[in-house]
Amino acid sequence: MVARLDLPESASALYENEFVFVWRNLRRLGVDSSLLDDATHDVFIVVLRRLPEFVGRSSVRTWLFGILYHVAQGYRRKVRGADVPSDELDYLPGAIQTPEELHQNREELRVLHQLLGALGERRRAIFILMELEEMSAPEVAEALNLKLNTVYSGLRLARAEFQAAFHRHNAS
Amino acid sequence: MTEMNRHAREFIQRVRCADEPPLEAKNRVRVMLRSSVAAGGLLLPAKAAMGSSSAVGSAMLSGVIAAVGTCAVLVGVAQYDKESQSAALKGSAAQKSEKTFMKPVAAVSVHQSIDPLPQRDSLPPVVINGNRQSSRDAALVSKSELPSLSEELERLRLAHSALEAGHGQRALSILEATELFPELDMERAALRILALCAVGRTEDARRLKAKYLDRFPRSPMSNRIEHSCATSIEGAAP
């Protein structure tokens, strides 16, 4: 193995810079808000352990998402098997300035997570990466270890599912 | 219907940047990470996975721990980040990071965490989450009954220790109980293959190796898997 040292950040900077990325995408992948701290902690535990393996072939975020995707799967399984309260978006987003913004933001985030929940697991991840994180299809393929064609077909289906769920929500 | 309409797109545009954690979450998780590291040896560099990068890995690992310790007390790690990155990129040993940046509490943590694979015969108490506080007691109770990732990591470390000590069968026994976290699949599978090789189950090792390399083609452990198993099966090298 050839160790490449072209990490864009040191490990501590990785935490400082990517905490929000990890946290919000765990949330988007369906981790209950009561477990978000724990899930984020577990992601960075894996990150710390695997940091020496990161060889820079992919972007840091692509690599991170591959890790957090699996952690989120584990936490969703836990919630299904345990008596964890259903998620009601009980956290307060940190960047909101006014009560009005806070209210609107909370409501829209609640809707977003509800709509994302209508997508299948893989399509949800594809949609998050491409539509919300604005990654390219090759990056998504790298993050999720998928073929490029699978990413494109998954995105088409995910958009259709999201649109349908969005329409249903607005019609209700 | 393959595209989203304008309303859906506008909605996505609005929420794209709005999904931020509460301000205190970053500090909470930072403290949890510090507790995990201080709990002892959770973040050991995996010999099987690190190869020639182990010195750098240790330096970077030390850097994280130093930052975790420092950030819990002080605001701002920009200077640390800059210097530690430079040290890591120059291939400096872990000593430099510890000496330059460690706070007393963190120094203990680093010493524990980079101590190579301590010999333990039993799992330590799971204290990783012990100091966590949650605003939702019900969730906390539920979580306490769930297996923890740190416990599984510890089992994998024990399996690795057993393997390094030449106890392949014991390593396999330990690995039997570690099937809970898919994020550790790569390490678990690699250890299992090496353990199978160690006990002479070369056909099983070969079978798993093929699956492993197919599933984790870019694993940093691939070379070791290829070397130890392939050579024992094919007899091409000692």
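Letters A, B, ... mirror the listed sequences (proteins, then strands); counts begin at 1. Computed from a prediction, not measured in an experiment: that's the story for all the values here.
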Asker: For A:Leu115, is it the side chain, the backbone, both, or neither that has a heavy atom closer than 4.5 Å to a heavy atom of chain B?
Answerer: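 Answer is side chain: those atoms of A:Leu115 sit under 4.5 Å from chain B.
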
Asker: Roughly how far, to the nearest 0.5 Å, is CG of A:Asp37 from CE of B:Met32?
Answerer: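 So the CE of B:Met32 and the CG of A:Asp37 are separated by 5.5 Å.
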
Asker: Report yes if the side chains of B:Arg28 and A:His41 come closer than 4.5 Å at any heavy-atom pair, otherwise no.
Answerer: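 B:Arg28 vs A:His41: side chains apart.
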
Asker: Do you know the tightest heavy-atom contact between B:Arg16 and A:Glu131?
Answerer: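 In terms of heavy atoms, the two residues are closest at NH2-O, 2.8 Å.
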
Asker: Is the number of heavy atoms from other residues, nucleotides or ligands within 6.0 Å of CZ (A:Arg122) greater than 12?
Answerer: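 For A:Arg122, atom CZ is not crowded (no more than 12 foreign heavy atoms under 6.0 Å).
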
Asker: Given the options A:Leu157, A:Val20, A:Leu112, which has more heavy-atom pairs under 4.5 Å with chain B than any of the others?
Answerer: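 Of the candidates given, the most pairs with chain B belong to A:Leu112.
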
Asker: Rounded to the nearest 0.5 Å, how far does CZ of A:Phe166 lie from CZ of B:Arg9?
Answerer: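 Output value for this atom pair is 11.5 Å.
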
Asker: Can you tell which part of A:Glu134 gets under 4.5 Å to a heavy atom of chain B, answering side chain, backbone, both or neither?
Answerer: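 Side chain of A:Glu134 only, per the 4.5 Å heavy-atom cut-off to chain B.
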
Asker: Within the 4.5 Å heavy-atom criterion, are A:Glu16 and B:Lys26 side-chain neighbours or not?
Answerer: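 Sidechains of B:Lys26 and A:Glu16: in contact.
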
Asker: Could you tell me which non-hydrogen atom of A:Leu132 sits nearest to which non-hydrogen atom of B:Val15, and how far apart they are?
Answerer: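 So the two residues come closest at CD2-CG2, 4.4 Å.
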
Asker: Calculate, to the nearest 0.5 Å, the distance between atoms NE2 and NE2 belonging to A:His167 and B:His7 respectively.
Answerer: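 Result: 11.0 Å between the selected atoms.
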
Asker: Which heavy atom of B:Phe11 sits nearest a heavy atom of A:Glu108, and at what distance?
Answerer: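 In terms of heavy atoms, the two residues are closest at CZ-O, 3.5 Å.
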
Asker: Between A:Phe162 and B:Met4, what is the shortest heavy-atom contact and its length?
Answerer: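 Nearest heavy atoms, A:Phe162 then B:Met4: CD2-SD, 3.7 Å.
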
